[in-house]
Structure formats: C-alpha cells, structure tokens
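Written below as structure tokens is the structure these notes are about.
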Amino acid sequence: MNAGSVSRYRHRRLANAMALLLGTLATLFGLFWLVWILWVTVSRGLAAISPALFTQLTPPPPGNGGGLANAFIGSLEVNVIALLAGTPVGIGAGMWLAEYAQRNALGTIIRFLNDILLSAPSIVLGLFVYALVVRPLGHFSALAGGLALALIVLPVVVRTTDEMLRLVPSTMREAALSLGVPQWKVILQILLRSARAGVVTGILLALARISGETAPLLFTSLNNQYWNHDPLKPIATVPVVIFQFAMSPFSGWHALAWAGALVVTLLVFVLGLLSRLLLARSKVIHD
Amino acid sequence: MRPSDALFRVTVTLFAAVIPLSLLVLLLFLLHDAWPAIRFNGVDFLFKNAWNLGNQYGNPVTVHGQQVMPGASFAILFLIVGTLASSLIALLLAVPLGVGAAIFLAEAVPAGLRSYLALLVELLASVPSVVFGLWGYVVLIPLLAHHVYPHLARWLSGVPFLGPPPGSGYGLLTAGIVLALMCVPLIAANLREAIEATPQALREAGLAVGATRFEIVRKIILPRLRLPLIGVSTLALGRALGETMAVLMISGNALNILPGNIYSPISTMASFMVSQLDSALQDPTNMAVYGIAEIGLALLLLSLLVNAVARVLMPRGLSA
C-alpha cells in the first residue's frame, strides 16, 4: 500500500467512527429527554400514590387529600363504551377487507380512507361527536366520550384485523372450503380463530391509544367532581383530571396529577408490552 | 351462494362501509357547523389576526345574513402561523435525531440488544401527550425560562427571530421542543423498520467490496430510504399539526398576535379550539362555536392533505 491509499483508508475509518459516534449521540440524546420525562413521572407519581388514590373522590380546591377513584372508574366506563362500539365494527370491516376485498380497487380505497381516519387529529373527532351527540342531547356525557374514542379504536382494529387475517395461509381457507364449510363459518370459526392473537393485539393497541387521550374528551365527556354512573351525564376521566389539576395553582392537585400520569403511563406501557408478547407468540405459531 | 353466506357478506360489507361513511359524515357535520362562520368571515378568516367574540352584552346584529354580536370577528392567521411554525421547528429538531437513532438502532446495536431498545423506543412513542404537557409545564418551562432562553437569546442577539427578549418560557420554541420529543420515537421506530427491510444481500455486497458500515448506510441504505424518510417525516408533521394537549399546556396561548421571535407565546389551531370552547359556548348567537368548527374544518383539511401525502410516499405496513 502506498502512502495515499493508507491515508485514504484512515480517512474512511475515521468517517465510519464519526458516523457511529454521531448515531450513538443522537440516540442517547433522544433517550436522555424521554428517560427524564419517565423518571420525573415515576418519582413524582410514586410520591403521591397511596391507597386513597384508588378509594377517594377528586378533591375540591384547594385540593388537599382525596384521590382519583371517580376518574379511574370514569375512564374505565368511557373506554369500555369505546371498545364496545369500535371493536365489533372494526373486526367486521377488517374481515371484509381481508376476505372479500383483498386485492380489488374498492379495498385499496377503503384501506387508504382507514389510514386517513387513523391519523385524523383527535380534537377534530371530539368536535365532530360534540356536534353529533353533545349538542342534540344538550349536555356533555360519558356516552359521547366513548363514541369519540370509538372513532380512534375503529381504524386501529380494522387495520390489525385486516393484516392479521391476510397472514393466515390460504391453504387453510381452501382446505375448509373444499370440505363444504360455509364461507362465513370459515371466516368466523377458522380464520378469525387462528388470527385471534393478532386481533387481540389490535384491541390492546387501541386501548393503549385511547387510555391517554384527552383532547376529544374535553369536547364530549368533560369532567365531573363526583361519582357518576349515568352514561348520559358528564364523567371524570383520568387524562382530563390530569390536565385540570396540572393547570391549577394547588400543590395537592399537582401531586394527584403526577400520580394519575404515572398510572396512565404504566397502563399504556403494560398494554404495549402485552400486545407485543401476544404478537411474538402468534408469529411463532404461524411459522 | 348460501343465504347464510350472503347475509354474512352483507353484514361485514356494512361494517366496512362505516369507515368511508364516518369520514363523510365528519366532513359534512364540520362543513354544516362551519357554514355560517364561512359566510360571515369570508377569506379574511385565513389572513387576519382578529379572534374577537364582540360585545357579549350587546344586541345581535346581522352581517352578511348572519347573526353576530356587535364587533365580533373571527380570523386565525396567528393560529395558522403558530401551528406551522411550531410543527416545522419540531421537525427540524426531530428528523436528524430520529434518523440518527434509527440508523444506530438498525446498524450498530448488537442483535441481542436491538429488539429491547427498539421496544423501548416504540413504548416511548405511546406516552400520552398530556404527560408530555405535564412535564413540559412543571419541569421544562421553569428550566428553560431561567437557565436556557436568557443565555441563548443573549448569545444570538444579532440573529433575527432568535435574539431577545427571551420571554417567559411559554412559547414557540418550547412547543417545538416538546413536539419534537413526541415525534422522535415515531420517526425512529418507523424508519428503523424500513432500514431493516433493506435486503441483506445489498449489505453483504457492500461489505464484500470492502465498504465500511457508514459507507453502506450512506451509499446503499439511505438512497433507498429517501421516500420512506419523507413519508415518515410527513407522518410526524401530521401528528405535530394535530397535537392538542401538550401544546395547550406550554405554548402560552397567544391571542391575535404573531410571534416576534422563537420565544414568543403562540397558539395552534388544535389547542385554541380547546382553550376557546368555554367562552365560545357563552356566545348567544353561536357564531363563536361555528368559528371553532371552521378552525376544526381547516385543521382537518390540512391534516388530510399532509397524511394523504405521507401515506402515498410510505410503503404500507410501516406506519404506526
């Protein structure tokens, strides 16, 4: 090797090392902020977590003591309404896409529109349900909150159901159909069953996504300082209470906001981990 | 076809029809709600800084055939500027970080560790925006306002838009930073998948002719990723444009003013809709609510446009 090519080689090695260093720094820099957010949430949230958090009502101002019990139950109620409304429709639409419109133009259009719905700003969905449900009823309600979140659940479930059903080997369809099984039975009892883990993954992901949603709820379910079991009345939800308490001047409310933020973040993480575990297992089974 | 099969097919077809129908009804409802405001505001809506509910104790007057309170006007140039400026700052910060992190995760991390780091990044992408807002409001803003922005503004004092006054911490740059933090995991996770989808044979061909890892990334992988990168960035832009809670909590909620520099308070279309709902509901003519619907319609159209571009540019199966 002559001197020129040695220096050229050194230069390339150096560029390689620099690029690696920059990539590492970018990753560490990004992770630093996000770990910081998580660390603050965990440390401040843990300091405020107590049994009262899960048993007592949201306190009135100036916000000493109390808990988030009504907000937890309210979030549960709104999320259940959203899943009940969004999941069956989503699975049905996903089945149509995968089994009746796998390659045709209409299927492509519906998939595109579904992706568009998936990325519509959630606040606009809230505004829509406000006009559709809240104004005709004359007041904010848990039902309206659930419907707004259902519009977020729907496209997520459609997409995962569609993708998971299309992963089922077509030999399975052919085998069942050749035995004279009606197509609806093939889809519901054979294909949907073998794609079950993937479909459940989609539902978990949708649940994770709506658990932290705040903006559409401010237009639909609003908030409630007390217990409410009537789906036609306003209801407290954890994200909205976090927002309300965070923007207040009271330190007791701030502590509850951090506790709520910790619980919601943990829930979202657990749902995310569960869905990936399920997906990993279902992939092994398919292969 | 058996009757049971026909019934099943019709049922799932109806379910599938819910997707285009809900988008259509969404557009129609917003258009219907926004229509009186569109008639009243005209094109000024997009080009003036005048969101004013008028004299709420006066008697309604009729303008352009619409009942409004005296002195009312609804125009949102400052929101459009705030939305676009904060999202663009977020992209400027997030794209280099996200690309760097994606390349690092896909090419430099040992395979055993990679799936865990990738999982961590994907989980971080799911942290609720209200938690970002809470952290920004309680932790980040005091830090930036006291220890960062004053020095930054003094250091950059000659540069337009970057010089003093350093402001209160609530503002354009803070919103951009927090939006960027929300976008980085999104960009990194999606781009990492695209990088890993590069055929192994191409990498091996690069190694066989003696290319370094960086040269393989720079000359083989990145050129193939131009469209996915634009698509992922556009998707992140769509998320930043529609982000509501975090921006609402940290942007300073400016009204009717354009930002003088990057530390100035701003407001965005999405966050303004939330912050104005209470007072809009007090308007006896409802024109303020129609105005909010017009903001929602404008935001929806903007986000439809951005996301449609993103989906066209991105191979399906990549987006989260």
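Reminder, nothing fancy here: chain letters follow the sequence lines and each chain counts from 1. Not measured: the values here are computed from a predicted model.
- Here the shortest heavy-atom pairing between A:Ala26 and B:Ala101 reads CB-N, 4.1 Å.
- Residue contact with chain A, scored on non-hydrogen atoms closer than 4.5 Å, involves the side chain of B:Leu119 exclusively.
- Here the closest heavy-atom approach between residue A:Ala261 and residue B:Val131 is recorded as CB-CG2, 3.9 Å.
- For B:Val139, the part lying under 4.5 angstrom from a heavy atom of chain A is the side chain only.
- Scanning all heavy atoms of the two residues, the minimum distance from B:Met249 to A:Ala246 falls at CE-CB, 3.7 Å.
- Here A:Leu132 is the residue among A:Ile91, A:Val240, A:Leu132, A:Val35 with the most heavy-atom pairs under 4.5 Å with chain B.
- For the atom pair CH2 (A:Trp96) and CZ (B:Arg9), the distance works out to 8.5 Å, reported to the nearest 0.5 Å.
- At a 4.5 Å heavy-atom cutoff, the contact between A:Ile37 and chain B is made by backbone and side-chain atoms alike.
- Electrostatic pairing of B:Asp33 and A:Arg135 counts as a salt bridge here, judged by a charged N lying under 4.0 Å from a carboxylate O.
- Chosen from A:Val268, A:Leu125, A:Leu205, the residue pairing most often with chain B at heavy-atom distances under 4.5 Å is A:Val268.
- Ranked by non-hydrogen atom pairs under 4.5 Å with chain B, the options A:Leu31, A:Leu218, A:Thr265, A:Ile116 are led by A:Ile116.
- More than 12 non-hydrogen atoms from other residues, nucleotides or ligands lie less than 6.0 angstrom from CH2 of A:Trp36.
- Looking at B:Thr244, the atoms closer than 4.5 Å to chain A (heavy atoms on both sides) all sit in the side chain, from C-beta outward.
- Among A:Gly126, A:Gly92, A:Ala101, the residue with the largest count of heavy-atom pairs under 4.5 Å with chain B is A:Gly92.
- If you tally non-hydrogen atom pairs under 4.5 Å between each of A:Gly94, A:Ser119, A:Ala215 and chain B, the highest count goes to A:Ser119.
- When heavy atoms are compared at a cutoff of 4.5 Å, B:Leu120 approaches chain A solely by way of its side chain, counted from C-beta outward.
- For B:Thr212, the parts sitting under 4.5 Å from any heavy atom of chain A are the backbone and the side chain alike.
- Both the backbone and the side chain of B:Leu181 have a heavy atom closer than 4.5 Å to some heavy atom of chain A.
- Both the backbone and the side chain of B:Asn307 come within less than 4.5 Å of a heavy atom in chain A.
- Summarising the geometry of B:Gly296 relative to A:Leu127, their closest heavy-atom pair is CA-CD2, 3.9 Å, with the distance given to 0.1 Å.
- Of the two parts of A:Ile187, only the side chain, counted from C-beta on, holds a non-hydrogen atom closer than 4.5 Å to a non-hydrogen atom of chain B.
- Using a 4.5 Å cut-off between heavy atoms, A:Leu273 touches chain B through backbone and side chain atoms alike.
- The two atoms that bring A:Ala19 and B:Phe214 nearest to each other are CB-CD1, 3.0 Å, heavy atoms only.
- Using a 4.5 Å cut-off between heavy atoms, B:Leu134 contacts chain A through both its backbone and its side chain.
- Residue contact with chain A, scored on non-hydrogen atoms closer than 4.5 Å, is absent for B:Arg218.
- Atom CZ of B:Arg2 is surrounded by more than 12 heavy atoms from other residues, nucleotides or ligands within 6.0 Å.
- Heavy atoms of A:Phe29 lying under 4.5 Å from chain B belong exclusively to its side chain.
- Contact annotation: the side chain of A:Thr41 never approaches that of B:Val127 to less than 4.5 Å [non-hydrogen atoms, C-beta and beyond].
- Under the 30°/60° scheme for interplanar angles, the aromatic rings of A:Trp184 and B:Phe8 are found to be tilted.
- Counting heavy atoms of neighbouring residues, nucleotides and ligands inside a 6.0 Å radius, atom CZ of A:Arg276 exceeds 12 of them.
- Summarising the local packing, CZ of A:Phe32 is surrounded by more than 12 heavy atoms from other residues, nucleotides or ligands at distances under 6.0 Å.
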**Report entry** Steps toward side chain to side chain contact (heavy atoms under 4.5 Å, CB included) verdict (B:Leu248, A:Phe243)
**Finding:** CA-CA 10 Å; B:Leu248 177 64; A:Phe243 170 62; 3.3 Å; yes
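- A:Trp258 has its side chain within reach of B:Val138: a pair of non-hydrogen atoms, C-beta onward, lies under 4.5 Å apart.
- Looking at A:Val158, only its side chain comes within 4.5 Å of chain B, counting heavy atoms on both sides.
- To the nearest 0.5 Å, atom CD of residue B:Glu243 and atom OG of residue A:Ser122 are 7.5 Å apart.
- Proximity to chain B (any heavy atom under 4.5 Å) is restricted, for A:Tyr130, to the side chain, taken from C-beta onward.
- Using a 4.5 Å cut-off between non-hydrogen atoms, the part of residues 10-17 of chain A that approaches chain B consists of A:Arg12, A:Ala15, A:Asn16.
- If you measure heavy-atom distances from A:Leu28 to chain B, you find no contacts under 4.5 Å at all.
- For chain A, the nearby parts of B:Ile292 are the backbone and the side chain; heavy atoms of each come within less than 4.5 Å.
- Under the 30°/60° scheme for interplanar angles, the aromatic rings of A:His254 and B:Tyr137 are found to stand perpendicular.
- In this structure, A:Leu151 CG and B:Ile19 CD1 are separated by 11.5 Å, a value rounded to the nearest 0.5 Å.
- With a 4.5 angstrom heavy-atom cutoff, A:Pro155 does not touch chain B via any of its atoms.
- For A:Ala208, no part lies under 4.5 angstrom from a heavy atom of chain B.
- In this structure, B:His32 places its NE2 atom where only 12 or fewer heavy-atom neighbours from other residues, nucleotides or ligands lie under 6.0 Å away.
- Open room surrounds CH2 on B:Trp35; 12 or fewer heavy atoms of other groups in view lie less than 6.0 Å from it.
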Requested in this report: I would like to know whether B:Phe132 and A:Leu34 meet side chain to side chain contact (heavy atoms under 4.5 Å, CB included); could you show each step before the answer?
Outcome: CA-CA 9 Å; B:Phe132 277 95; A:Leu34 295 160; 3.9 Å; yes
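- Using a 4.5 Å cut-off between heavy atoms, A:Met247 contacts chain B through both its backbone and its side chain.
- Looking at A:Pro121 and B:Leu241, their side chains never come closer than 4.5 Å, going by heavy atoms from C-beta outward.
- The part of B:Val289 that comes within reach of chain A is its side chain, from C-beta onward, which places non-hydrogen atoms under 4.5 angstrom from that chain.
- At a 4.5 Å heavy-atom cutoff, B:Leu297 makes no contact with chain A through either its backbone or its side chain.
- Heavy-atom pairs under 4.5 Å with chain B peak, among A:Ala257, A:Gly260, A:Ala131, A:Ser211, at A:Ala131.
- Proximity to chain A (any heavy atom under 4.5 Å) is restricted, for B:Leu281, to the side chain, taken from C-beta onward.
- For chain B, the nearby part of A:Val40 is the side chain; its heavy atoms alone come within less than 4.5 Å.
- In terms of heavy-atom proximity, A:Ile123 sits nearest to B:Gly242 at CG2-O, 4.3 Å.
- Contact check for B:Leu300 versus A:Phe128: no side-chain heavy atoms found under the 4.5 Å cut-off.
- Within the 4.5 angstrom heavy-atom criterion, atoms from both the backbone and the side chain of B:Leu123 approach chain A.
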